[in-house]
Protein chains: 2
Amino acid sequence: MKNSESFLMFADCSAVYDGRARSTLARGNYLIIKKTDGSISIHGSTLITPRNYMGAGTNIVIAPDNIIANRKSEKLIITIYDILECYYPYDWSDSKIEISRTEAELVDKLIAGASTYFDGTIELIEREYRTDAGPIDLFVKTSTNTYLVEAKRARITLNACYQIRRYMDAYGLDAIPCVAGPGISDNAKKHCDSNSILYISVDFD
Amino acid sequence: MKNSESFLMFADCSAVYDGRARSTLARGNYLIIKKTDGSISIHGSTLITPRNYMGAGTNIVIAPDNIIANRKSEKLIITIYDILECYYPYDWSDSKIEISRTEAELVDKLIAGASTYFDGTIELIEREYRTDAGPIDLFVKTSTNTYLVEAKRARITLNACYQIRRYMDAYGLDAIPCVAGPGISDNAKKHCDSNSILYISVDFD
DNA sequence: CTCTTTATCTCGTCT
DNA sequence: AGACGAGGTAAAGAG
């Protein structure tokens, strides 16, 4: 077996890791992935995350019956008993995903258009404002009010309403609880109306 | 192509995800892994983590030229232009790693040998003791003292010393700050000596 | 280079 | 089912 830049191997193997912790992987059939960035990972038949792995830039030495991966103070030794399949990917893409419509993006929009969303002149605006109940997505203090905003990238549900209430309790002082998102369920809207929670409609694009 | 329980596919494809965020993956050659727990992931030629993924229990429908994965309010659509390789793993193991030398293990040892590590008779011993600064690894109250212990599986560094100091501030009452681990750096030891932090040497095995 | 923050965090555990 | 916290968190961003 030659040490190509990358390979996919399905093999009868076992593994031992020593580094930040120490672990053993019992013998069995696993998928071993070696990537072009020098990372290596061992996947079992369940879970998104690999059983064992070593990050990019790992020094990987491949012998007939084992693979030894070294990196700083970490070492992964894979003992190979039998190779059931080995494939060398051709022109494997390294494209990243292009992501959008995150909660952060909505908060950006709220900040950019703060003067239209909130009454008074903005005195302080802060994201991830810390409370004992966790961080509030957006904290806005204006000349007339203080707003605590929970933003959701999807339709606002009752859950978001309860969440902002928790933050209100933790905040303690007088403020206007808000939920912001591109839509809101009937139940949530009803709850907002009868509990003085302000719904802010904010859309992507 | 039949919908086996699991498969490894290297294919010319693209993907769109909509759920907790929204993302697109540009067309290219990627590794698609479908596992026996109903999870699916798309890997590029770099990084340990997949480009796209859907967790265990996803409803996956496979057609000749696409794969559609649904789960609660998430959807992943993989458009397949060409299958370069497809492999159906035989007897793919689902063994988990057996891990040791974790921080928790060190705390176990501290608890088991508490009477040798701490002065006085043990009155209360509690792990993950909650403070405003976060949970303290180990809280020990004896007839003579109260100990706050920060445990590290690796050599104690200055960082751990500062961490236990933060916990001391949050705790407020009189107590002896401790760092416990299998070793300690010279700098950290010096810091402990001059700041009345107790270093507890505790080894694995 | 180290440190800090984010994440479609994942994944286990507990209530 | 939902809440909570750990993780060999990994990976991106800032200084």
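In what follows, chains are A, B, ... by sequence order, proteins preceding strands, each numbered from 1.
- When the C1' atom is compared between C:dT6 and D:dG7, the two are found 15 Å apart, to the nearest whole Å.
- A gap of 22 Å separates the P atoms of D:dG8 and D:dC4, to the nearest Å.
- A search for side-chain hydrogen bond (donor to acceptor under 3.5 Å, both in side chains) contacts involving A:Asp137 returns nothing, not counting sequence neighbours.
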Show me the donor-acceptor pairs, under 3.5 Å and distance only, between side chains in residues 75-83 of chain A and residues at least two apart or in other chains.
| from | atom 1 | to | atom 2 | distance (Å) |
| --- | --- | --- | --- | --- |
| A:Tyr81 | OH | A:Ser14 | OG | 3.2 |

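- In summary, the aromatic rings of B:Tyr87 and A:Phe10 are positioned with their centroids under 6.0 Å apart.
- By the side-chain hydrogen bond (donor to acceptor under 3.5 Å, both in side chains) test, A:Arg71 is found to be paired with no residue, residues two or more places apart in sequence or in another chain being considered.
- Contact footprint of chain B on DNA chain C: nucleotides with an atom under 4.0 Å from a non-hydrogen protein atom, first to last in 5' to 3' order, C:dT8 to C:dG12.
- When the C1' atom is compared between C:dT8 and D:dA14, the two are found 24 Å apart, to the nearest whole Å.
- Applying the side-chain hydrogen bond (donor to acceptor under 3.5 Å, both in side chains) test to A:Glu74 and every residue at least two apart in sequence or in another chain returns A:Tyr17, A:Arg20.
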> When every nucleotide of nucleotides 6-15 of chain D is labelled 5' to 3' by its protein contacts under 4.0 Å (heavy atoms), B for base, S for sugar-phosphate only, - for none, what sequence of letters results?
Replying inline: S-BSSSS---
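- Taking B:Ser95 as the reference, B:Ser93 meet the side-chain hydrogen bond (donor to acceptor under 3.5 Å, both in side chains) condition, with sequence neighbours excluded.
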Enumerate donor-acceptor pairs with a distance under 3.5 Å from any side-chain N or O in residues 106-114 of chain B to protein atoms, sequence neighbours excluded.
| from | atom 1 | to | atom 2 | distance (Å) |
| --- | --- | --- | --- | --- |
| B:Asp108 | OD1 | B:Arg127 | NH1 | 2.8 |
| B:Lys109 | NZ | B:Asp203 | O | 2.9 |
| B:Lys109 | NZ | B:Asp205 | O | 2.8 |

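- Residues passing the ring-ring contact (aromatic ring centres under 6.0 Å, His included) test with B:Tyr171, sequence neighbours excluded: B:Phe139.
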